[in-house]
K.L.:
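My questions all concern the structure below.
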Amino acid sequence: MRNLLNFLAKYNNLIIFLVLEGLGFYLLSTGNGYHNTRIVKGVRGLTNGIERKISNARTYFHLRDINQKLARENITVRNNFERLVKNEELVFFSVLDTVHQQQYTYSSAEIVNNSVNRQKNFFTLNKGKMQGLSVDMAVTTNDGVAGVIVGCSRNYSVAMSVLNSDFRLSARIKSNGYFGSLTWDGKDYSHATLSEIPQHVTFGIGDTIETTGFSAVFPEGIMIGTVSDFEKSGSDFYKIIVSLKTDFKKLHFVTVIANMKRTEQRT
Amino acid sequence: MIARIIRFSLIFIVLILLQVLLFNNIQFSGYVNPYIYIIFILLLPVEIPSWMLLILSFLTGFTIDIFSGTPGMHSSATVLAGFLRPFVLRIISPRDGYESGSDPSMIIYGFRWFLIYAATIVIIHHTVLFYLEIFRFTDFFRTLLRILLSSLFSIAFILLLEFIRKDK
């Protein structure tokens, strides 16, 4: 007690000063709207930083729980997705055509095996005869053509990729309708060659190349790629380098197109 | 003693009236706002107890605050000025010390001493006051310029008042 009194006596000026100064600041912060706002803002800015750090640390400690929750959620979503995909798989969805008889039917499939680095590339689909696929059906992606089915087992099919030196496809320049034959030269998985376009035809780099309906495999007007370069090849024809729209390295979900009038069209 | 209290009360009232009625209305281009009421703290006797000095400082500031509608601003500045006054007096004390019972006035200790004394306290007071008024550090140098110009004017007025007192 005596120490306390001594302390108070020794520092009484400082204490009075601090009390009065505190009173002054109290009046300052409560009596003036501007100062009040500034002080509240400053204090909030100070505590905000600390609170953010605390909250960061807290989320870090909760990461385990969050991970478990996400994993559970993933499983649920994947199950739902699987159910939906499996439902869809068995159904050929059709294109409504009221004037003519329907010609093409569409079905989805997944690529389970694929290659781009050989001279004769094939990919495997996870559907076969049981799901209604058969030889000579067209395989496309959302971007453009991918290949043609060449063999079917019960539940799997093998398709010849565009990146196969045996692959031939009837293709045309969209802007003027001149058609030629699309082949792959075996060099680059993102480029193919369009030949047999006569030299009097005018077109430019970037023009769209699309399918014709002549082969009775692909429907008319499916995107193949764009002109990236062309040169005159000896005789009267151009040799056009086509930049393929489909990225064969990340091929996954594809659409299989069946032509119901194929036999009729062929004969 | 009683005479002294009455004298300082009169000085107090006159200074408050001067400040509120006259000097609060002086504003050259927003840079010059002289606050001469601080002379009351300057003129209090050298040997006044520190606690009384602090309380009187607070009262002065608080009165000005009430009249200019800025609670706390002048109080904080004057309390700090009152708190630092004994230290300033000790630092600039004349060679033979202060005469007992004297006021720190120009008549007794001379012009140069009073100028240093007044300038120190006024600048301390104005610095605190102006930064409390603006309450942020953007426009730091603009505020500094305001402080310097206002201090200059305040010191000039305080010296003027001292000369008037001296002639009397």
Side-chain angles (χ1 to χ4, degrees), chain A residues 1-67 69-70 73, chain B residues 35 37-38 40-41 44 46-90 121 124-140 143:
Chain A
M1 195 64 204
R2 241 184 70 175
N3 282 339
L4 182 69
L5 284 178
N6 281 342
F7 177 81
L8 289 179
K10 197 174 174 191
Y11 291 107
N12 65 343
N13 290 331
L14 189 66
I15 289 163
I16 292 168
F17 166 68
L18 287 177
V19 167
L20 290 177
E21 198 70 273
L23 190 61
F25 271 93
Y26 171 75
L27 290 172
L28 187 74
S29 62
T30 51
N32 303 282
Y34 168 71
H35 293 83
N36 189 11
T37 325
R38 295 284 306 181
I39 288 171
V40 168
K41 228 190 223 171
V43 169
R44 195 165 294 159
L46 204 72
T47 52
N48 259 0
I50 297 165
E51 263 166 19
R52 199 174 304 134
K53 282 220 169 69
I54 292 173
S55 140
N56 275 348
R58 200 172 286 157
T59 44
Y60 182 76
F61 287 124
H62 286 167
L63 275 183
R64 199 187 158 80
D65 287 346
I66 291 168
N67 264 339
K69 211 176 120 204
L70 278 179
E73 213 171 275
Chain B
Y35 292 105
Y37 67 89
I38 191 73
F40 179 71
I41 294 161
L44 285 170
V46 177
E47 284 162 342
I48 188 171
S50 290
W51 59 268
M52 200 195 265
L53 180 63
L54 282 170
I55 288 168
L56 285 176
S57 306
F58 183 79
L59 277 179
T60 318
F62 190 67
T63 317
I64 297 289
D65 271 337
I66 287 169
F67 280 114
S68 36
T70 53
M73 220 161 74
H74 292 275
S75 316
S76 307
T78 48
V79 167
L80 186 74
F83 179 70
L84 292 177
R85 197 191 88 144
F87 299 100
V88 174
L89 278 177
R90 203 177 305 155
I121 299 287
I124 288 168
H125 170 262
H126 280 43
T127 307
V128 175
L129 183 65
F130 280 76
Y131 277 116
L132 276 183
E133 189 188 9
I134 194 117
F135 216 66
R136 57 169 179 242
F137 285 112
T138 51
D139 295 336
F140 181 86
T143 314

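Values reported hereafter were calculated over all heavy atoms of this structure, with side chains retained and with hydrogens, waters and symmetry mates removed. All chains are named by letter (A, B, ...) in the order of the sequence lines, taking the proteins before the strands, and each is independently numbered beginning at 1. Keep in mind the model is a prediction, meaning the values are calculated, not measured.
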K.L.:
Mind ranking B:Gly82, B:Ser75, B:Ser50 by heavy-atom pairs under 4.5 Å with chain A and telling me who comes out on top?
P.N.:
B:Ser50

K.L.:
Quick one: does any side-chain atom of A:Tyr34 pair with a main-chain N or O of B:Ile134 as donor and acceptor, under 3.5 Å?
P.N.:
yes

K.L.:
Which distance, rounded to the nearest 0.5 Å, do you find between the OG of B:Ser57 and the CZ of A:Phe17?
P.N.:
10.0 Å

K.L.:
Determine, stepwise, if the pair B:Phe62 / A:Leu27 fulfils side chain to side chain contact (heavy atoms under 4.5 Å, CB included).
P.N.:
CA-CA 10 Å; B:Phe62 190 67; A:Leu27 290 172; 3.4 Å; yes

K.L.:
To check you understand the geometry: which heavy-atom pair defines the closest contact between B:Ser76 and A:Gly24, and what is its length?
P.N.:
OG-C, 3.4 Å

K.L.:
Select one option (side chain, backbone, both, neither) describing which atoms of B:Phe58 are under 4.5 Å from chain A's heavy atoms.
P.N.:
side chain

K.L.:
For the residue pair A:His35 and B:Met73, what are the closest heavy atoms and their distance?
P.N.:
CE1-SD, 4.1 Å

K.L.:
If you count heavy-atom pairs under 4.5 Å with chain B, which of A:Asn12, A:Leu20, A:Ile16, A:Ile15 comes out on top?
P.N.:
A:Leu20

K.L.:
Between chain B and each of A:Asn13, A:Leu23, A:Val19, A:Leu14, count heavy-atom pairs under 4.5 Å; write down the option with the most.
P.N.:
A:Asn13

K.L.:
Kindly indicate whether the side chain of B:Leu132, heavy atoms from C-beta on, has any atom under 4.5 Å from the side chain of A:Phe25.
P.N.:
yes

K.L.:
More than 12 heavy atoms of other residues, nucleotides or ligands under 6.0 Å from OH of B:Tyr131: is that the case?
P.N.:
yes

